[in-house]
Enquirer: 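Structure in structure tokens, see below.
For the single chain, residues carry numbers from 1 onward in sequence order.
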Amino acid sequence: MIDTIVLRIHDCHKYSHVTKYIEQLETQNYVKKFHHSELVSLDQSSVLYGDTGNILTMSHRSTIGVASSHYNVVVQNNYRRNYIEINFSIPKYVFSNNVCQFIDQHDQSTKHTFDKLLNLLQRFFVEYFPMPPDWEDVEVNRIDFCFNQFFLSKGDALRYLDEQRNLNIHQARSDKNKFSEYHGTSVQYVTANYSFKIYHKGTEFKKNDYVKLLKNNPKGFDIPQLADTADKILRYELTARKSLLNYIFKQKIKDDVNTVFNHHYDLIGQQRNRLCREFVQDILPNKTFSFHLTSLWEDRFAPINKLVTDYALPFNEELFTALHTFFWERVERYQLGVKMGIKEIHDKIKDHKEDAIFKKKVFGDKQKVSQTGQLLMLATLSQYVDISDLKDVIPKATYYRYRKKLEDIGIPRFSPDIAVAPPPLDYTSYFFYFSAHHTTFG
């Protein structure tokens with residue numbers, strides 16, 4: 001469920017013991033030199049100002065070797081911006097590969113997965129840092145969600161992916177601020193807030209991790225078998241950047257009276273002082289917040305004047321669940337339908353119409369009941385072409401109304417004739433292959 005996570009520990013000066021520890025590790029330094037108004041890359045961790053000769057340390061990049069894996073965790077001291085950044089793939093950290101997934105065999109709920117994530121981060125800081133940082137200083141700057149969809153063969157997976165390209169084109173057309181990139185064995189959809197991609201896991205695994213695991217396989221995987229299993233997988237990944245966390249917070253959490261944030265927000269809205277008015281009217285809609293493992297906003301007794309000047313919000317279960325939902329909405333958009341016959345379509349429309357008539361009689365539902373003939377023609381057409389093309393032919397309002405009707409009835413928008421049934425969106429197949437490793441490694 002979770003792949004890469006990027007954490008930032010703020011206030012380098014507060015954690016000088018951590019920065020010194022990182023500097024003592026085997027390092028690969030990245031530096032920039034400023035000379036005659038030109039920026040040149042050098043193998044040093046400083047900036048040399050040509051006019052004064054002063055040297056300013058900018059960053060120090062190191063890796064933490066994980067004893068039970070061939071994988072290294074990347075850690076960087078960014079002195080200029082006053083944070084320590086930790087970037088690592090959680091499945092690789094736990095399993096030494098990311099064909100395996102960070103999910104519990106007995107409980108795949110978002111609540112349990114979130115608790116499992118916090119426990120892992122706590123263990124990580126205790127094991128690899130001289131003294132764990134205060135969690136209110138630890139920002140989740142990026143988090144990647146993922147899912148492995150299992151097919152019967154590599155051929156089926158690649159055929160399914162090839163048809164998903166057509167869906168990707170329509171996704172990109174639907175918003176001018178978004179664009180798609182697709183080539184080889186991957187499909188990618190990129191926005192300012194997030195990236196969503198689908199790719200053939202076997203191809204990626206053989207390119208990046210196969211040889212490394214052959215040389216160093218501390219978990220004892222059968223590497224050829226792991227590669228064969230990866231060949232059956234299409235991998236879905238969402239990279240949620242800080243801007244997406246802000247978007248999700250403002251769209252899904254800010255106005256939800258049940259969230260932790262609103263325990264305080266109601267009180268803030270009742271205040272009449274200048275700080276509170278500025279926070280509600282100007283800061284909240286326009287400010288880019290950071291999201292930390294612990295936040296003052298989780299303290300029910302925190303003073304209002306401190307809250308409205310604290311822009312570190314909690315990365316909590318509420319936000320994690322909303323991000324998880326956002327990810328799965330995009331996974332579901334790329335699922336292909338199974339071609340249906342006219343009789344099956346007619347039966348679905350008939351059942352839906354009878355249900356609509358019943359609701360109208362019992363509950364007084366004023367929604368207009370669509371004509372069977374119109375829906376039947378459109379639904380039948382959808383089995384042979386992607387009806388998104390109709391958006392440029394018929395009025396947009398009509399198109400979206402009928403598309404919603406087809407979704408309510410249960411008729412997919414796109415059903416290519418590839419004879420590959422969409423695998424279920426659950427973890428049954430995953431645990432068929434990997435349950436033994438979860439028993440061993442958690």
Enquirer: Hey, does C146 have a side-chain heavy atom less than 4.5 Å from the side chain of M1?
Expert: no
Enquirer: F151 vs Y160, test: ring-ring contact (aromatic ring centres under 6.0 Å, His included). Steps then yes/no.
Expert: CA-CA 9 Å; F151 291 79; Y160 200 82; 5.0 Å; yes
Enquirer: For the residue pair S109 / D107, report whether a side-chain donor-acceptor contact shorter than 3.5 Å exists.
Expert: yes
Enquirer: Would you kindly say whether T203 and H200 are connected by a side-chain donor-acceptor distance under 3.5 Å?
Expert: yes
Enquirer: Using the salt bridge (charged side-chain N to carboxylate O under 4.0 Å, His left out) rule, take K92 and D209 through it: C-alpha gap first, then chi angles, then the decisive distance, then the call.
Expert: CA-CA 10 Å; K92 287 186 179 181; D209 291 327; 3.3 Å; yes
Enquirer: Could you tell me whether a side-chain N or O of S195 sits under 3.5 Å from a main-chain N or O of V190, the two making a donor and an acceptor?
Expert: no
Enquirer: Using a distance-only test with no angle check, is there a side-chain donor-acceptor pair under 3.5 angstrom linking R330 and Y194?
Expert: yes
Enquirer: Classify the ring geometry of F315 against F114: parallel below 30°, tilted from 30° to 60°, perpendicular beyond 60°.
Expert: tilted
Enquirer: Would you please name every residue forming a salt bridge (charged side-chain N to carboxylate O under 4.0 Å, His left out) with E139, sequence neighbours left out?
Expert: K242
Enquirer: Any idea which heavy atoms bring A312 and D310 closest together, and the distance?
Expert: N-OD1, 3.0 Å
Enquirer: Do K197 and V187 pass the side chain to side chain contact (heavy atoms under 4.5 Å, CB included) test, and can you show the C-alpha distance, the side-chain angles, and the key distance before you say yes or no?
Expert: CA-CA 5 Å; K197 63 180 178 180; V187 170; over 6 Å; no
Enquirer: Please determine, by modelled atom types, if K254 and N262 share a side-chain donor-acceptor pair under 3.5 angstrom.
Expert: no
Enquirer: Please answer whether the main-chain N or O of R81 pairs with a side-chain N or O of H10 as donor and acceptor at a distance below 3.5 Å.
Expert: no
Enquirer: Does a donor on one side chain sit under 3.5 Å from an acceptor on the other, for T259 and D256?
Expert: no
Enquirer: For a quick test of reading the model, state the closest non-hydrogen atom pair linking S243 to A192 and the distance between them.
Expert: OG-O, 3.4 Å
Enquirer: Under 4.5 Å between any side-chain heavy atoms of R142 and D144, yes or no?
Expert: yes
Enquirer: Would you call the rings of H437 and F434 parallel, tilted or perpendicular, where under 30° means parallel and over 60° means perpendicular?
Expert: tilted
Enquirer: Find out whether L118 and W135 are in side-chain contact, i.e. whether some heavy atom of one side chain is under 4.5 Å from a heavy atom of the other.
Expert: yes
Enquirer: Does any N or O in the side chain of K250 come within less than 3.5 Å of the main-chain N or O of P285, such that one atom is a donor and the other an acceptor?
Expert: yes
Enquirer: Quick one: does K154's side chain have a donor or acceptor within less than 3.5 Å of a partner on A230's backbone?
Expert: no
Enquirer: Take N98 and K201, measure what side chain to side chain donor-acceptor pair (under 3.5 Å) needs, and give me the verdict at the end.
Expert: CA-CA 9 Å; N98 68 351; K201 187 61 190 174; 2.7 Å; yes
Enquirer: Test of understanding: with ring pair (Phe, Tyr, Trp, His ring centres under 6.0 Å), list the residues that count as partners of F125, not counting sequence neighbours.
Expert: F129
Enquirer: As a quick check of understanding, evaluate side chain to side chain contact (heavy atoms under 4.5 Å, CB included) for V280 and Y265, giving each step before the final call.
Expert: CA-CA 9 Å; V280 173; Y265 190 49; 3.7 Å; yes
Enquirer: Once rounded to the nearest 0.5 Å, what's the spacing between atom CZ of F326 and atom NZ of K252?
Expert: 9.0 Å
Enquirer: Walk me through whether Y433 and F150 qualify under ring-ring contact (aromatic ring centres under 6.0 Å, His included).
Expert: CA-CA 10 Å; Y433 289 102; F150 285 77; 5.3 Å; yes
Enquirer: Quick check: are there more than 12 heavy atoms from other residues, nucleotides or ligands sitting under 6.0 Å from CD of Q225?
Expert: no
Enquirer: Is it the case that more than 12 heavy atoms not belonging to L152 sit under 6.0 Å from its CG atom?
Expert: no
Enquirer: What closest approach, in Å, do I223 and N217 show between heavy atoms, and which atom pair accounts for it?
Expert: CD1-ND2, 3.6 Å
Enquirer: Where the side chain of N316 meets the backbone of L319, is there a donor-acceptor pair that is under 3.5 Å apart?
Expert: yes
Enquirer: How about Q108 and D104: does a side-chain donor come under 3.5 Å of a side-chain acceptor?
Expert: no
Enquirer: Run Y199 and E237 through side chain to side chain donor-acceptor pair (under 3.5 Å) and show every step you take.
Expert: CA-CA 9 Å; Y199 60 92; E237 284 187 8; 2.6 Å; yes
Enquirer: Is it the case that the side chain of R165 and the backbone of S186 share a donor-acceptor pair, with hydrogens and angles ignored and the cut-off at 3.5 Å?
Expert: yes
Enquirer: For the aromatic rings, using the six-membered ring if either is Trp, is the centroid distance between F95 and F102 under 6.0 Å?
Expert: no
Enquirer: For this output row, return yes or no: ring centroids of Y93 and F88 closer than 6.0 angstrom.
Expert: yes
Enquirer: Test side chain to side chain contact (heavy atoms under 4.5 Å, CB included) on N141 and F291 and set out the steps.
Expert: CA-CA 7 Å; N141 184 257; F291 296 87; over 6 Å; no
Enquirer: Which value, rounded to the nearest 0.5 Å, describes the distance between F279 atom CZ and I304 atom CD1?
Expert: 9.5 Å
Enquirer: Run the salt bridge (charged side-chain N to carboxylate O under 4.0 Å, His left out) check on D162 and R159 step by step: do they pass?
Expert: CA-CA 5 Å; D162 198 50; R159 279 190 289 273; over 6 Å; no
Enquirer: Just wondering, do N87 and I5 contact through their side chains at under 4.5 Å, heavy atoms?
Expert: no
Enquirer: Quick one: salt bridge (Lys or Arg N to Asp or Glu O under 4.0 Å) pairs with a partner in residues 1-16, sequence neighbours left out?
Expert: D3-R235, R8-E85, K14-D134, K14-D137
Enquirer: Quick check against the 3.5 Å criterion: does E278 have a side-chain atom that pairs as donor or acceptor with the backbone of I283?
Expert: no
Enquirer: Do Y430 and H438 meet the criterion of a side-chain donor-acceptor pair at a distance under 3.5 Å?
Expert: yes
Enquirer: Does the pair Q164 and L234 meet the rule for a side chain to side chain contact (heavy atoms under 4.5 Å, CB included), with working shown?
Expert: CA-CA 11 Å; Q164 286 175 318; L234 287 187; 3.6 Å; yes
Enquirer: Closest approach of A227 and Y210, non-hydrogen atoms and distance?
Expert: CB-CE1, 3.7 Å
Enquirer: Within the structure provided, determine whether L313 and F249 are in side-chain contact (heavy-atom separation under 4.5 Å).
Expert: yes
Enquirer: Can you see which heavy atom on L307 is nearest to which on W297, and at what distance?
Expert: O-CZ2, 3.4 Å
Enquirer: To the nearest 0.5 Å, how far apart are NE2 in H264 and CG in L296?
Expert: 7.0 Å
Enquirer: So, do H106 and H112 have ring centers that fall under 6.0 Å from each other?
Expert: no
Enquirer: Which atoms form the tightest heavy-atom contact between K219 and S96, and what is the distance?
Expert: CG-OG, 3.7 Å
Enquirer: Please report whether the ring centroid of F320 lies less than 6.0 Å from that of F145.
Expert: yes
Enquirer: Donor-acceptor pair, distance only, cut-off 3.5 Å: does the side chain of T309 make one with the backbone of K306?
Expert: yes
Enquirer: Please assess H292 against S290 for the test side chain to side chain donor-acceptor pair (under 3.5 Å), listing each intermediate value before the final yes or no.
Expert: CA-CA 7 Å; H292 295 233; S290 57; 2.9 Å; yes
Enquirer: Check whether any side-chain N or O of N82 sits under 3.5 Å from a backbone N or O of C12 as a donor-acceptor pair, and report yes or no.
Expert: yes
Enquirer: So, the side chain of E298 versus the backbone of S295: is there a donor-acceptor pair under 3.5 Å, distance only?
Expert: yes
